[in-house]
Amino acid sequence: MAINGIKGFNDILPGDVEKWQHIEATARRVFELYGFSEIRTPILEKTELFCRSIGDATDIVEKEMYSFVDKGENKVTMRPEGTAAVMRAFIEHKMQALDPVARLYYMGPMFRYERPQKGRYRQFHQIGAEVTGVSAPTVDAQVLTMLTHFFAELGLDEPSLQINSLGCPKCRPVYREALKSFLLSKIELLCEDCNRRYETNPLRALDCKSPGCQEATKGAPAMLEYLCPECAEHFEATKKYLELVGTTYQINERMVRGLDYYTRTTFELVTGLLGSQSAVAAGGRYDGLISDLGGPALPGIGFAIGVERVALLLAEKDFSRRPDLFIAALGDEAHAEAFKIMSALQRLGAAVEIDYEGKSLKSQMRRADKFKSRFTLIIGGDELARGTAPLKDMDGGTQSDVALNADAIVKVIKG
RNA sequence: GUGGCUAUGGUGAAGCGGUUAACACAAACGACUGUGACUCGUUCAUACGUGGGUUCGAAUCCCACUAGCCACCCCA
């Protein structure tokens with residue numbers, strides 16, 4: 001019996017991986033325009049890091065983490081998200097000493113023990129970015145603009161940017177109480193889940209999918225009405241800067257985040273094309289996180305993009321590569337020559353294929369066609385004697401002779 | 001953790017108690033003796049997720065298990 005992979009852990013095969021490479025390359029290219037540098041942190045961290053950052057009472061920490069005790073009796077966890085680890089590294093290496101404003105991006109696998117479904121897997125991948133040390137709203141606007149820029153570069157303009165403000169430790173508790181007393185008056189109309197969440201996460205009732213809850217929360221107080229003057233001003237300024245650079249957004253005062261560390265600006269990039277997984281990217285400000293983790297009192301803001309979800313949105317696009325040249329050879333001598341020319345051309349930067357098994361010319365031409373090679377060079381005994389060979393343009397169907405040396409060939413196929 | 005749905009070859013699938021288990025695509029080789037894409041031919045599941053049962057007979061009915069998908073919870 002063959003062994004299968006683990007549920008929710010997927011292979012990314014050739015044919016699909018090109019799309020991933022394109023997504024990753026686009027992220028690197030765009031993020032570096034904004035001054036971001038990559039940071040790579042380990043997959044395994046101390047469990048405590050996530051308890052303290054994400055929040056003990058969140059679903060991620062309560063039931064979704066891949067946690068275990070290692071051989072040294074340490075409680076460790078395979079990271080369920082990226083921000084906590086990046087901030088841990090920032091603090092550990094005292095990066096604020098070099099520059100409190102760190103602009104970092106990362107990409108890699110994250111792990112959450114959830115039931116897999118469309119756009120959600122147990123090992124999934126995120127591309128994230130974080131900025132520390134700036135509380136100015138310009139950076140909120142810039143991070144959001146960079147995120148939408150990235151999607152635009154991929155040719156995806158469908159996801160819409162939704163923003164909200166969650167306030168700060170001063171104003172959020174006031175709002176939370178106001179909301180709770182409102183919900184209490186409607187408690188019988190709320191679904192079972194929202195009743196259960198009433199104490200732990202009352203805000204969730206606002207974006208509950210149950211029709212009853214949606215109806216019941218129609219007149220609920222809005223966070224935006226309860227923002228303290230500083231938070232209100234920050235939110236207004238963020239919107240102003242977004243408008244200044246033409247980044248379109250919608251305000252979604254019902255948007256709630258699942259991680260405890262968020263403050264002030266929060267946002268999601270949502271799409272209707274992914275079944276029940278509407279968020280392709282999400283993030284927000286976390287002004288208290290760095291100090292909560294024992295670091296300096298610096299603000300922060302960041303986001304994470306779900307790579308599988310982006311790949312799903314890019315499902316129809318073809319990212320397959322095609323070779324520049326296929327060399328068809330007839331006979332042992334020609335085969336050796338083809339091998340030699342192939343090697344020389346590869347050193348000159350051309351992608352070249354040959355047939356390894358000395359099949360018929362017909363068969364080799366079919367293979368060239370299958371690879372979608374741009375050109376095919378045909379070498380037999382005559383060509384060897386002549387020192388030139390027909391080079392066929394596979395798209396146009398025309399062919400003309402070229403000298404049998406790599407420099408001459410590369411001029412034609414890469415020119 | 002909780003629901004619902006589905007399991008036939010590399011893929012998409014026909015099949016509805018007795019068929020050599022259709023068909024299409026993909027793949028390999030050939031018809032064109034040194035040239036792809038079109039056309040044509042040949043080959044390609046002793047096998048219908050696994051294990052039990054019902055039956056003279058099961059891919060087809062029943063049960064269990066497993067897997068996958070979708071949804072809930074939650075989230076990227």
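All chains are named by letter (A, B, ...) in the order of the sequence lines, taking the proteins before the strands, and each is independently numbered beginning at 1.
- Contact check, Ser363(A) against rC29(B): a side-chain N or O comes under 4.0 Å of OP1 or OP2.
- Within the 4.0 angstrom heavy-atom criterion, base atoms lie near Gly119(A).
- Between Arg386(A) and Asp401(A) there is a salt bridge, since at least one side-chain N of the basic residue sits less than 4.0 Å from a carboxylate O of the acidic one.
- The side chain of Gln126(A) contributes no N or O atom lying less than 4.0 Å from OP1 or OP2 of rA76(B).
- Relative to the side chain of Arg366(A), the nucleotides rA76(B), rA31(B), rU35(B) differ in distance, and rA31(B) lies closest.
- You'll find a donor-acceptor pair under 3.5 Å spanning the side chain of Gln399(A) and the base of rU35(B), going by distance alone.
- Spacing between rC16(B) and rC61(B) at atom C1', rounded to whole Å, works out to 10 Å.
- Between rA59(B) and rG17(B), the distance separating the two C1' atoms is 11 Å to the nearest Å.
- Out of rC75(B), rC32(B), rA28(B), the shortest distance to the side chain of Lys362(A) is found at rC32(B).
- With rA76(B), rA28(B), rC73(B) as the candidates, the nucleotide lying closest to the side chain of Arg120(A) is rC73(B).
- Taking the centre of each ring, Phe36(A) and Tyr105(A) stay at or above the 6.0 Å mark.
- rA64(B) and rU6(B) have their P atoms separated by 15 Å, with the value rounded to a whole Å.
- Taking the charged nitrogens against the carboxylate oxygens, Glu32(A) and Arg28(A) have no contact shorter than 4.0 Å, which rules out a salt bridge.
- Under a 4.0 Å N-O distance rule, the pair Lys240(A)/Glu243(A) does not qualify as a salt bridge.
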Using atom types as modelled, flag every donor-acceptor pair under 3.5 Å from a side chain in residues 342-362 of chain A to any protein atom, sequence neighbours excluded.
residue, atom, partner, partner atom, Å
Gln346(A), NE2, Val352(A), O, 3.3
Asp355(A), OD2, Glu357(A), N, 3.2
Asp355(A), OD2, Gly358(A), N, 2.9
Asp355(A), OD2, Lys359(A), N, 3.0
Ser360(A), OG, Ser363(A), N, 3.1

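- In this structure, the side chains of Leu161(A) and Thr248(A) stay at 4.5 Å or more apart for every pair of heavy atoms.
- Taking 4.0 angstrom as the limit, Ser360(A) places a side-chain polar atom (N or O) nearer than this to OP1 or OP2 of rG30(B).
- The same atom, C1', is picked in rG12(B) and in rG34(B); the two are 37 Å apart, to the nearest Å.
- You'll find that the side chain of Leu330(A) is closest to rG34(B), out of rG34(B), rA28(B), rC29(B).
- Between Asp395(A) and Arg322(A) a salt bridge is recorded (basic side-chain N to carboxylate O distance below 4.0 Å).
- Nucleotides rA45(B) and rG36(B) have their C1' atoms positioned 31 Å apart, rounded to a whole Å.
- Within 6.0 Å of the OH atom in Tyr113(A), the count of heavy atoms belonging to other residues, nucleotides or ligands does not exceed 12.
- As judged by a 4.0 angstrom heavy-atom cut-off over every strand, Gly128(A) is placed among residues making no nucleic acid contact.
- Set against rC72(B), rC75(B), rG36(B), the side chain of Leu259(A) has rC75(B) as its closest nucleotide.
- Checking side-chain atoms of Arg309(A) against main-chain N and O of Gly119(A) turns up a donor-acceptor pair under 3.5 Å.
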Query raised in the report: When you look at Thr132(A) and Gln96(A), which way does the side-chain hydrogen bond (donor to acceptor under 3.5 Å, both in side chains) test go after all the steps?
Result: CA-CA 9 Å; Thr132(A) 63; Gln96(A) 76 279 3; over 6 Å; no
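- Evaluation of atom-type donor-acceptor distances gives no pair under 3.5 Å for the side chain of Arg204(A) against the base of rC73(B).
- Listed nucleotides rG34(B), rA28(B), rC75(B) differ in distance to Leu361(A); the shortest reach to its side chain belongs to rG34(B).
- Within 4.0 Å (heavy atoms only), Thr58(A) reaches no atom of the nucleic acid at all.
- Here the nucleotide nearest the side chain of Lys392(A), chosen from rC72(B), rG36(B), rA76(B), is rG36(B).
- Within 4.0 Å of Asp369(A), counting heavy atoms only, lies at least one base atom of the nucleic acid.
- Separation of the C1' atoms belonging to rG15(B) and rC48(B) is 10 Å when rounded to the nearest angstrom.
- Applying the 3.5 Å distance criterion, the base of rG68(B) shares no donor-acceptor pair with the side chain of Lys7(A).
- Side chain of Glu308(A) to main chain of His125(A): a donor-acceptor pair is present (N/O by atom type, distance under 3.5 Å, no hydrogens or angles).
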Report task. Determine which bases of RNA chain B form Watson-Crick or G-U wobble pairs with both distances under 3.5 Å, and write the result as a 5' to 3' dot-bracket string with | for other-strand partners. Result -> ((((((((.[[[..)..(....]]].(((((.......))))).....[[[[[..)....]]]]])))))))....
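- Separation of the C1' atoms belonging to rG68(B) and rG49(B) is 10 Å when rounded to the nearest angstrom.
- Here Ala279(A) lies in heavy-atom contact (under 4.0 Å) with sugar-phosphate atoms only.
- Residue contacts for Leu269(A): at a heavy-atom cut-off of 4.0 Å it reaches no nucleic acid atom on any strand shown.
- Within residues 377-387 of chain A, the residues having any heavy atom closer than 4.0 Å to RNA chain B are, in order of number, Ile378(A), Asp382(A), Glu383(A).
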